[in-house]
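Everything below concerns the one structure shown next.
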Amino acid sequence: MMMIEAVRQTKTERGEKPRSPFTRWLRRHLPMGLYARSLLIVIIPMVLLQSIVAFVFMERHWQLVTQRLSAAVTSDIAAIIDLINTMPPASYPDIETIARRQLGLVISLENGGELPMPVRQPYFDILNRILSDEIRQETQLPFWLDTISSEDNVYVRIKLDGARILRVTVRRNSAYASNTHIFIVWMVGASLVLLLIAILFLRGQIRPILHLARAAESFGKGQKIDDFSPRGAEEVRRAGLAFIQMRERIERQMEQRTTMLSGVSHDLRTILTRFKLQLAIAGDHPDLQPLNQDVEDMQSMLEGYLAFVRGEAEEDVGTLKLTDVMTRLSAEAELHGKTLTTVIEGDDDVRVRPNAFTRLILNLASNAYRYADTIHIEARHGQRWLSVTIDDNGPGIPERSREDVFKPFFRLDEARNLDSTGTGLGLSIARDIARSHGGNVILSDSPLGGLRAVARVPA
């Protein structure tokens, strides 16, 4: 929460406008992966285009064809009604024959009948709506229509003069564009084929980016990267080459710093050895005591230099058992006469640089041993992060100085003087090791009343 508030304050200071609720909702519900977002970029326009085409086709073409077919059928029915009204009853069989052969209509005439109750039609039945409008306008007579009882036929009943009912059976394809679904099937089928091609193409384009992301993540954790080579599109290759050059510059810089510190420490150690030899020859004169103390302090500082160099040395990633580290910490706590409790949650085996990570935990624990009587260490190994929390009941560190104590050779002169007998490199080395694993070390108040140190690295 504190990190989120800091980000918000930084954005406010830069004058950026806060995101709208819709933007925040969109960010929460949209996928975060590049592959998923690329698919959405392809799928959404395709779906929108198909929806617009289908809507225009349904509203314009399909409705127009259905309306013209229904108008033709209704004109034939109206012509049959005119023949019935004008011709004598003896000619009705001939009218039925003409309707069946020439018009494709099956008709019959009933005397003294009534129209049945209206059939409940679907709301979106375009045939029922258009055919009803055409019959109403063309005949101006009461009628009954059924378009759902049969898949092949449409049934019409029209009430004529003299309580006569004209029954008409019409082939559905004569009044309705029934092959429209073929267009929809072809459109959807073609879209699925194109989408499959797009998915295969996107997978090939996204794979080099994912490979680059994994290489950068491994480098951030301090792991070796031997099998990475730039692939894919030109922009991705350029990014891969830039990453390789950056990695080489960082490794050269680390190597140069390590070599320099090692060389300086070695040369100074030689000179200090001469000093100690000369002081030993000079004897135990009281005036030489301050000089002896200075030599001891310089020796301690050199040990800190060498420890810092060892922290920078390259070490392969391996498997470390948390129980082994906790056993070692318990032994040291017993040696110092401290009360220690430990808790391990999750898998006991962790993938880290074993020696460096063990030193990280020992550096943090040694500070707690020096200034506290009760220490609690809890390790949580989750799917993404490994967190080691060290709580103590010591004097703690003022909040304003919690970042300063991570600076090399910084000495705290207040309630809790970390590394009072050392050089001020303990916490610097601990944070450096954590960051080389892609994590960090953070200090805060402990529930025990002292200091809480949390080392958090990717699992």
Side-chain angles (χ1 to χ4, degrees), residues 22-23 25-76 103-106 119-135 145-156 169-214 231-237:
F22 175 75
T23 304
W25 178 88
L26 200 62
R27 287 177 60 87
R28 285 197 302 267
H29 291 82
L30 280 179
M32 300 301 296
L34 178 61
Y35 182 60
R37 290 192 173 188
S38 300
L39 283 181
L40 286 180
I41 293 174
V42 174
I43 293 174
I44 290 178
M46 184 179 298
V47 171
L48 289 177
L49 178 60
Q50 287 189 350
S51 301
I52 294 173
V53 170
F55 176 77
V56 171
F57 179 82
M58 298 284 286
E59 283 294 319
R60 300 294 177 85
H61 178 74
W62 191 18
Q63 183 173 353
L64 179 61
V65 172
T66 301
Q67 185 174 6
R68 290 182 177 179
L69 291 175
S70 299
V73 170
T74 305
S75 298
D76 294 339
L103 304 178
L105 303 176
V106 178
V119 178
R120 184 178 179 85
Q121 303 290 345
Y123 182 77
F124 293 102
D125 189 355
I126 187 174
L127 174 60
N128 180 77
R129 177 168 53 85
I130 293 177
L131 189 56
S132 297
D133 293 340
E134 292 295 331
I135 294 175
L145 179 63
D146 181 10
T147 60
I148 63 173
S149 297
S150 174
E151 296 182 357
D152 299 325
N153 299 321
V154 175
Y155 303 105
V156 182
T169 301
V170 184
R171 298 289 298 176
R172 178 180 288 270
N173 56 12
S174 299
Y176 178 68
S178 58
N179 60 348
T180 309
H181 65 279
I182 298 178
F183 170 79
I184 304 296
V185 170
W186 273 100
M187 185 174 65
V188 173
S191 300
L192 292 177
V193 172
L194 294 176
L195 183 61
L196 179 61
I197 295 175
I199 290 175
L200 296 176
F201 179 76
L202 282 175
R203 284 175 61 112
Q205 296 300 313
I206 296 297
R207 192 178 293 112
I209 301 177
L210 297 178
H211 192 51
L212 173 60
R214 284 193 294 268
R231 293 178 296 176
E234 180 182 357
E235 292 80 5
V236 181
R237 289 176 179 269

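It should be emphasised that the depicted structure is a prediction, and the values quoted were computed from it without experimental measurement.
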Less than 4.5 Å apart, side chain to side chain, heavy atoms only: is that true for [X] and [Y]?
X      : Y      : answer
Arg172 : Asn153 : no
Leu194 : Leu196 : no
Pro45  : Leu49  : no

**Study point:** Non-neighbouring partners of Ser51 that pass side-chain hydrogen bond (donor to acceptor under 3.5 Å, both in side chains), sequence neighbours left out
**Key:** none

Exercise for review: Find the distance between CG (Leu64) and CG (Leu69) and round it off to the nearest 0.5 Å.
Suggested key: 9.5 Å

List for me each residue that meets side chain to side chain contact (heavy atoms under 4.5 Å, CB included) alongside [X], sequence neighbours excluded, and say none if there are none.
X      : answer
Ile199 : Tyr35, Leu39, Leu195, Arg203
Arg231 : Pro208, His211, Ser229
Ile44  : Leu40, Leu48
Asp133 : Arg129, Arg136

Check your understanding: Which heavy atom of Ser38 sits nearest a heavy atom of Ile206, and at what distance?
Key -> OG-CD1, 4.0 Å

Study note, to complete from the structure: Closest non-hydrogen atoms of Ser70 and Leu131, given as atom of the first, atom of the second and distance, are CB-CD1, 3.8 Å

Check your understanding: Is there any ring pair (Phe, Tyr, Trp, His ring centres under 6.0 Å) pair reaching into residues 190-210, and which pairs are they, with sequence neighbours excluded?
Key -> none

Practice item. Kindly say whether Ile130 contributes a backbone atom to a donor-acceptor pair with the side chain of Asn128 at under 3.5 angstrom? Key: no

